[in-house]
*Asks:* 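Attaching a single structure in structure tokens format; questions to follow.
Side-chain atoms are counted along with the backbone in the values below, which use heavy atoms only and exclude waters and symmetry mates.
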Amino acid sequence: QLQLVESGGGLVQPRGSLRLSCTASGSTLDNYDMGWFRQGPGKEREVISCISTGNIRTLYADSVKGRFTISRDIAKNTVYLQINSLKPEDTAIYHCARYWGPSSLCTLQLGRYDSWGQGTRVTVSP
């Protein structure tokens, strides 16, 4: 059974950077399209990025495009989210999740994801 553990969050100043990690156990991440979603205080969950099997396809929400980069390390069974130029509105708990829709066709639709971990908190504040 796939289990995901996110890490790498923290307190960072505006315009700072972090690299979030999502490490899997129980299954091989390379078999799945994977995504990251977040939930900020008082906000709905938002899928912000996904990466397909074989790393062929990546998608980004408009809110993070140009600032966030998703990647995958097969050898480490880990998916990453590099987050740059952070803004206070990026404050949220970030989760990685498995996409259960058609392989290699990941979308930013939240209902197509499962198996997310406990999340890692990112706080952007001066």
*Asks:* Tell me whether Leu29 shares a hydrophobic cluster with Leu59, the cluster being built from Ile, Leu, Val, Met, Phe, Trp, Tyr side chains joined at under 4.5 Å.
*Replies:* no
*Asks:* Ignoring hydrogens and geometry, is there a side-chain-to-backbone donor-acceptor pair from Gln118 to Glu6 under 3.5 Å?
*Replies:* yes
*Asks:* Please report the interatomic distance CG(Leu20) to OG(Ser49), rounded to the nearest 0.5 Å.
*Replies:* 11.0 Å
*Asks:* Establish, from distance only, whether the side-chain atoms of Thr78 and Ser21 form a donor-acceptor pair under 3.5 Å.
*Replies:* no
*Asks:* Could you check whether any side-chain heavy atom of Val12 comes within less than 4.5 Å of a side-chain heavy atom of Thr123, counting everything from C-beta outward?
*Replies:* no
*Asks:* Quick one: does any side-chain atom of Asp33 pair with a main-chain N or O of Ile51 as donor and acceptor, under 3.5 Å?
*Replies:* no
*Asks:* If I take atom NE2 from residue His95 and atom CG from residue Leu110, how far apart are they, to the nearest 0.5 angstrom?
*Replies:* 10.0 Å
*Asks:* For a 4.5 angstrom cut-off between non-hydrogen side-chain atoms, does Gln82 reach Ser17?
*Replies:* yes
*Asks:* Could you check if a side-chain atom of Ile48 sits within less than 4.5 angstrom of a side-chain atom of Tyr60, using non-hydrogen atoms only?
*Replies:* no
*Asks:* Less than 4.5 Å apart, any side-chain heavy atom of Cys96 and any of Val79?
*Replies:* no
*Asks:* Can you check whether Asn77's main-chain N or O pairs, donor with acceptor, with Asp30's side chain at less than 3.5 Å?
*Replies:* no
*Asks:* Between Cys106 and Tyr113, which heavy-atom pair has the shortest distance, and what is it?
*Replies:* CB-OH, 4.1 Å
*Asks:* For Ser125 and Gln13, what are the C-alpha separation, side-chain angles and deciding distance, and is it a side-chain contact (heavy atoms from CB on, under 4.5 Å)?
*Replies:* CA-CA 5 Å; Ser125 179; Gln13 293 184 341; over 6 Å; no
*Asks:* Do Arg38 and Val64 pass the side-chain contact (heavy atoms from CB on, under 4.5 Å) test, and can you show the C-alpha distance, the side-chain angles, and the key distance before you say yes or no?
*Replies:* CA-CA 11 Å; Arg38 67 184 182 184; Val64 306; 4.0 Å; yes
*Asks:* Is there a donor-acceptor pair under 3.5 Å between the side chain of Gln3 and the backbone N or O of Gly26?
*Replies:* no
*Asks:* Which distance, rounded to the nearest 0.5 Å, do you find between the OG of Ser7 and the CZ of Arg19?
*Replies:* 9.0 Å
*Asks:* Could you tell me whether a side-chain N or O of Tyr99 sits under 3.5 Å from a main-chain N or O of Leu105, the two making a donor and an acceptor?
*Replies:* yes
*Asks:* Calculate, to the nearest 0.5 Å, the distance between atoms OG and CG belonging to Ser103 and Asn31 respectively.
*Replies:* 8.5 Å
*Asks:* Using side-chain heavy atoms (C-beta onward) and a distance below 4.5 Å, is Trp116 in contact with Arg45?
*Replies:* yes
*Asks:* Give the cluster check for Tyr94 versus Leu18: same hydrophobic cluster or not, with ILVMFWY residues linked at side-chain heavy-atom distances below 4.5 Å.
*Replies:* yes
*Asks:* Between the side chains of Arg67 and Asp90, is the shortest nitrogen-to-carboxylate-oxygen separation below 4.0 Å, so that they form an ion pair?
*Replies:* yes
*Asks:* Under the criterion side-chain contact (heavy atoms from CB on, under 4.5 Å), I'd like the reasoning laid out for Val47 against Trp36: C-alpha separation, chi angles, the key distance, then a yes or no.
*Replies:* CA-CA 6 Å; Val47 180; Trp36 285 90; over 6 Å; no
*Asks:* For residues Arg15 and Leu86, determine if any side-chain heavy atom of one lies less than 4.5 Å from a side-chain heavy atom of the other.
*Replies:* no
*Asks:* OH/Tyr32 to OG/Ser52 distance, rounded to the nearest 0.5 angstrom?
*Replies:* 15.5 Å
*Asks:* Quick check against the 3.5 Å criterion: does Thr120 have a side-chain atom that pairs as donor or acceptor with the backbone of Gly9?
*Replies:* yes
*Asks:* Tell me, do Ile93 and Gln39 make a side-chain contact under 4.5 Å, heavy atoms counted?
*Replies:* no
*Asks:* Which atoms form the tightest heavy-atom contact between Met34 and Leu4, and what is the distance?
*Replies:* CE-CD1, 3.8 Å
*Asks:* Enter the distance from Arg72:CZ to Cys22:SG here, rounded to the nearest 0.5 Å.
*Replies:* 10.0 Å
*Asks:* Does any part of the side chain of Glu89, heavy atoms only, come nearer than 4.5 Å to the side chain of Lys43, both counted from C-beta?
*Replies:* yes
*Asks:* Report whether Val122 and Phe37 are members of the same hydrophobic cluster (ILVMFWY, side-chain heavy atoms less than 4.5 Å apart, transitive linking).
*Replies:* no
*Asks:* If the condition is side-chain hydrogen bond (donor to acceptor under 3.5 Å, both in side chains), which residues does Thr69 pass it with, not counting sequence neighbours?
*Replies:* none
*Asks:* Please say whether more than 12 non-hydrogen atoms of neighbouring residues, nucleotides or ligands are located less than 6.0 Å from CZ in Arg57.
*Replies:* yes
